[in-house]
Colleague: 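Shown below is the structure under consideration.
Computed from a prediction, not measured in an experiment: that's the story for all the values here.
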Amino acid sequence: MLQLSTLQIEKDPQNPRIARLLLNRPERLNAISDATPGEIRAAVEWANADDEVHVIVIEGAGKGFCGGYDLTGYAEQHIEHPCQQEKSPWDPMVDYACMKRNTEDFMSLWKSAKPTIAKVHGAAAAGGSDIALCCDLLVMADNARIGYMPTRVWGCPTTAMWTFRLGPMRAKQMMFTGDLIDGKQAAEWGLATLSVPPEELEAATMKLATRVAGVPRSHLAMHKLVVNQVMLNMGVEQTQMMATLFDGITRHNPEGLWFRRHAQAHGFKAAIEWRDSGRPIPEGDEARALIREIDATAWRQP
């Protein structure tokens with residue numbers, strides 16, 4: 001077993017050809033901390049270094065798979081961070097370097113020579129959907145949910161996997177709305193490999209993993225390289241470069257700064273309730289005016 005601060009990975013006791021990677025911050029809905037992306041890469045490298053392992057299953061402890069980035073503190077406080085720069089003008093390449101490192105860490109699941117299977121219960125939301133969609137296969141509970149709500153404001157999925165997994169029209173629908181879809185719909189659209197009743201999720205995932213684990217490692221690696229090469233030829237790396245840069249812009253342009261100031265003034269919960277309600281997001285000069293109003297009020301407070 002490899003035990004890290006936000007996750008653990010070990011070989012399945014019933015079938016050591018299967019490595020079980022557990023996102024293990026259940027008290028925070030397995031939210032992504034600063035340490036999580038690098039620890040995912042470390043876990044993947046651990047599994048790839050073990051010749052007995054043929055396939056990696058990634059899942060979440062507690063109520064869900066992963067609720068996305070752990071943003072409450074960053075959103076509500078004036079914290080200086082590469083991805084939340086309070087100074088102006090902000091430095092986009094500092095933001096890009098930080099987020100691109102996270103993107104590459106998530107993509108270790110995609111680049112792994114050994115197949116990766118995401119087992120999703122509860123929610124794979126926002127950054128959690130990035131993790132799930134970097135896996136080769138996706139098994140979901142019927143009532144599980146997946147989506148990237150921050151596309152409405154304050155985010156762009158840096159792995160850009162929605163288009164490559166869904167095609168352009170469905171990807172646009174998900175990005176334009178920020179909606180979550182359940183496991184059944186994800187399977188109908190071809191986003192999920194399969195969807196099963198919640199009580200059957202473990203058995204269905206392990207049945208698939210066991211079937212894959214019976215194939216020689218070299219064959220699995222070659223087949224994965226062939227399919228991944230198609231996505232590389234389609235421009236997945238270039239698309240991720242653009243998406244990661246745009247992600248930083250969404251957090252520092254007038255709309256993104258309004259969202260952050262609203263969260264700082266009224267709490268992150270209030271900000272995401274506005275974001276997800278369907279109410280128009282303040283933009284342009286309206287957003288700038290609201291930012292000035294919030295900043296002035298904060299300055300007057302003792």
Colleague: Donor-acceptor pair, E80 side chain versus E86 backbone, under 3.5 Å?
Modeller: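 Side chain of E80 to backbone of E86: a pair is present.
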Colleague: Closest heavy-atom contact between C134 and M107?
Modeller: SG-SD, 3.6 Å
Colleague: Working to the nearest 0.5 Å, report the span between NE2 of H121 and CG of L201.
Modeller: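 It is 8.0 Å, given to the nearest 0.5 Å.
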Colleague: Report yes or no: do L232 and M242 belong to one cluster of Ile/Leu/Val/Met/Phe/Trp/Tyr joined by side chain heavy-atom distances under 4.5 Å?
Modeller: no
Colleague: Using only atom types and a distance under 3.5 Å, with no angle test, would you say the side chain of H266 pairs donor to acceptor with the backbone of H262?
Modeller: no
Colleague: In terms of hydrophobic clustering (I, L, V, M, F, W, Y; side-chain heavy atoms under 4.5 Å; direct or indirect links), are M206 and L22 co-clustered?
Modeller: no
Colleague: Using salt bridge (charged side-chain N to carboxylate O under 4.0 Å, His left out), reason through R152 and D276 one step at a time and then give a plain yes or no.
Modeller: CA-CA 8 Å; R152 298 189 63 82; D276 296 345; 5.2 Å; no
Colleague: Assess whether a salt bridge exists between E104 and K111, defined as any Lys/Arg side-chain N lying under 4.0 Å from an Asp/Glu carboxylate O.
Modeller: yes
Colleague: Side chain to side chain contact (heavy atoms under 4.5 Å, CB included) with I146: which of Q185, M174, M140?
Modeller: M140
Colleague: Would you call D95 and R251 a salt bridge, using N to O less than 4.0 angstrom?
Modeller: yes
Colleague: Just by modelled atom types, is the A47 backbone N or O under 3.5 Å from a matching donor or acceptor in the K114 side chain?
Modeller: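 Between the backbone of A47 and the side chain of K114 there is a qualifying donor-acceptor contact (under 3.5 Å).
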Colleague: Would you check if Y96 and M241 make a side-chain contact, meaning some heavy-atom pair closer than 4.5 Å?
Modeller: yes
Colleague: Any donor-acceptor pair under 3.5 Å linking the side chain of T210 with the backbone of K207?
Modeller: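 It does not hold such a pair.
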Colleague: How long is the gap from CD on Q173 to CD1 on I181, to the nearest 0.5 Å?
Modeller: 8.5 Å
Colleague: Will you find, in the side chains of Y69 and N102, an N or O donor that is under 3.5 Å from an N or O acceptor?
Modeller: yes
Colleague: Salt bridge between E188 and K184, side-chain N to carboxylate O under 4.0 Å?
Modeller: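 Salt bridge between E188 and K184, a charged N being under 4.0 Å from a carboxylate O: no.
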Colleague: Quick one: do D295 and R292 satisfy salt bridge (charged side-chain N to carboxylate O under 4.0 Å, His left out)? Show the steps, please.
Modeller: CA-CA 5 Å; D295 285 348; R292 288 193 296 269; over 6 Å; no
Colleague: Validate the cation-pi geometry between R279 and W274: distance from NZ or CZ to the six-membered ring centre under 6.0 Å, angle to the ring axis within 45°.
Modeller: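 Satisfied, under 6.0 Å and within 45°.
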Colleague: With respect to W154, which candidate in I272, L71, N253 satisfies the side chain to side chain contact (heavy atoms under 4.5 Å, CB included) definition?
Modeller: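 The single option meeting the side chain to side chain contact (heavy atoms under 4.5 Å, CB included) with W154 is L71.
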Colleague: Applying side chain to side chain contact (heavy atoms under 4.5 Å, CB included) to I117 and I58, what does each step give before you reach the verdict?
Modeller: CA-CA 6 Å; I117 302 174; I58 179 169; over 6 Å; no
Colleague: Is there side-chain contact between W110 and V236, with at least one heavy-atom pair below 4.5 Å?
Modeller: yes
Colleague: Without placing hydrogens or testing angles, list every side-chain donor-acceptor pair under 3.5 Å for residues 12-20, not counting sequence neighbours.
Modeller:
| unit_1 | atom_1 | unit_2 | atom_2 | d |
| --- | --- | --- | --- | --- |
| D12 | OD1 | R20 | NH1 | 3.0 |
| D12 | OD2 | Q14 | N | 2.9 |
| D12 | OD2 | N15 | N | 3.1 |
| N15 | OD1 | R17 | N | 3.0 |
| R17 | NH1 | H54 | NE2 | 3.2 |
| R17 | NH1 | A213 | O | 2.6 |
| R20 | NE | E59 | OE2 | 2.9 |
| R20 | NH1 | E202 | OE2 | 3.3 |
| R20 | NH2 | E59 | OE1 | 3.2 |
| R20 | NH2 | E59 | OE2 | 3.0 |
| R20 | NH2 | E202 | OE1 | 3.0 |
| R20 | NH2 | E202 | OE2 | 3.3 |

Colleague: Are the side chain of S112 and the backbone of S108 linked by a donor-acceptor contact shorter than 3.5 Å?
Modeller: no
Colleague: What about M222 and I56, same hydrophobic cluster or not, with Ile/Leu/Val/Met/Phe/Trp/Tyr joined at side-chain heavy-atom distances under 4.5 Å?
Modeller: no
Colleague: Would you name the heavy atoms of A287 and P254 that are closest together and state the gap between them?
Modeller: CB-O, 3.6 Å
Colleague: What's the separation between atom CE in M175 and atom CG in L166, rounded to the nearest 0.5 Å?
Modeller: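 Going from the CE atom of M175 to the CG atom of L166 covers 8.5 Å.
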Colleague: Would you check, one step at a time, whether the test side chain to side chain contact (heavy atoms under 4.5 Å, CB included) holds for V57 with L21?
Modeller: CA-CA 6 Å; V57 173; L21 194 167; over 6 Å; no
Colleague: Using only atom types and a distance under 3.5 Å, with no angle test, would you say the side chain of R165 pairs donor to acceptor with the backbone of L133?
Modeller: yes
Colleague: Where does the angle between the aromatic ring planes of H219 and H223 fall among parallel (under 30°), tilted (30 to 60°) and perpendicular (over 60°)?
Modeller: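 Perpendicular.
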Colleague: Out of the candidates I9, I131, D105, L4, only one should pair with I40 under the side chain to side chain contact (heavy atoms under 4.5 Å, CB included) rule; please name it.
Modeller: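 Filter result, single survivor: I131.
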Colleague: What is the minimum heavy-atom distance between L180 and G147, and which atoms define it?
Modeller: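 Result for this residue pair: CD2-N, 3.3 Å.
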Colleague: Keeping E10 on the side-chain end and L2 on the backbone end, is there a donor-acceptor pair under 3.5 Å?
Modeller: no
Colleague: Identify the two heavy atoms, one from H252 and one from C83, that lie closest to each other, and give their separation to 0.1 Å.
Modeller: CE1-O, 3.5 Å
Colleague: Between the main-chain N or O of D136 and the side-chain N or O of T116, is there a donor-acceptor pair closer than 3.5 Å?
Modeller: yes
Colleague: Please walk me through it: do D247 and T158 pass side chain to side chain donor-acceptor pair (under 3.5 Å)?
Modeller: CA-CA 7 Å; D247 184 56; T158 64; 5.9 Å; no
Colleague: Start with the C-alpha distance between N143 and D182, add both sets of side-chain angles, then the distance that settles side chain to side chain contact (heavy atoms under 4.5 Å, CB included), and finish with yes or no.
Modeller: CA-CA 6 Å; N143 62 353; D182 64 22; over 6 Å; no
Colleague: Is there a side chain to side chain contact (heavy atoms under 4.5 Å, CB included) between Q229 and L225 once you walk through the steps?
Modeller: CA-CA 6 Å; Q229 186 60 47; L225 282 170; over 6 Å; no
Colleague: Do the side chain of E200 and the main chain of P197 share a donor and acceptor less than 3.5 angstrom apart?
Modeller: no
Colleague: With a 3.5 Å distance limit and no angle check, can you tell me whether S129 reaches the backbone of A125 through a side-chain donor-acceptor pair?
Modeller: no
Colleague: How long is the gap from CG on N30 to CG on L7, to the nearest 0.5 Å?
Modeller: 9.5 Å
Colleague: State, yes or no, whether a side-chain contact exists between C156 and T151 at a heavy-atom distance under 4.5 Å.
Modeller: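 Counting from C-beta outward, C156 and T151 never come under 4.5 Å.
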Colleague: Assess the residue pair E27 and K63 against the criterion (salt bridge (charged side-chain N to carboxylate O under 4.0 Å, His left out)); give the C-alpha distance rounded to whole Å, side-chain angles, the decisive distance to 0.1 Å, and a yes or no.
Modeller: CA-CA 9 Å; E27 73 285 355; K63 296 181 179 180; over 6 Å; no
Colleague: Could you check whether atom CZ of F164 has more than 12 heavy atoms from other residues, nucleotides or ligands sitting under 6.0 Å from it?
Modeller: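 It does: F164 CZ has more than 12 such atoms within range.
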Colleague: Can you check whether F259 reaches T250 side chain to side chain, under 4.5 Å on heavy atoms?
Modeller: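 Heavy-atom side-chain distance check fails, nothing below 4.5 Å.
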Colleague: Among side-chain atoms of E39 and T6, is any donor-acceptor pair under 3.5 angstrom?
Modeller: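 A pair is found: one side chain offers a donor N or O, the other an acceptor, under 3.5 Å apart.
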Colleague: Can you find a heavy atom in the side chain of I32 that is under 4.5 Å from one in the side chain of C66?
Modeller: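 I32 reaches C66 side chain to side chain.
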Colleague: After noting the C-alpha distance and the side-chain angles of S33 and D70, does the key distance pass the side chain to side chain donor-acceptor pair (under 3.5 Å) rule?
Modeller: CA-CA 6 Å; S33 72; D70 199 350; over 6 Å; no
Colleague: Is it possible for you to say whether F65 and L137 belong to one hydrophobic cluster, with membership spreading through side-chain heavy-atom contacts below 4.5 Å?
Modeller: no
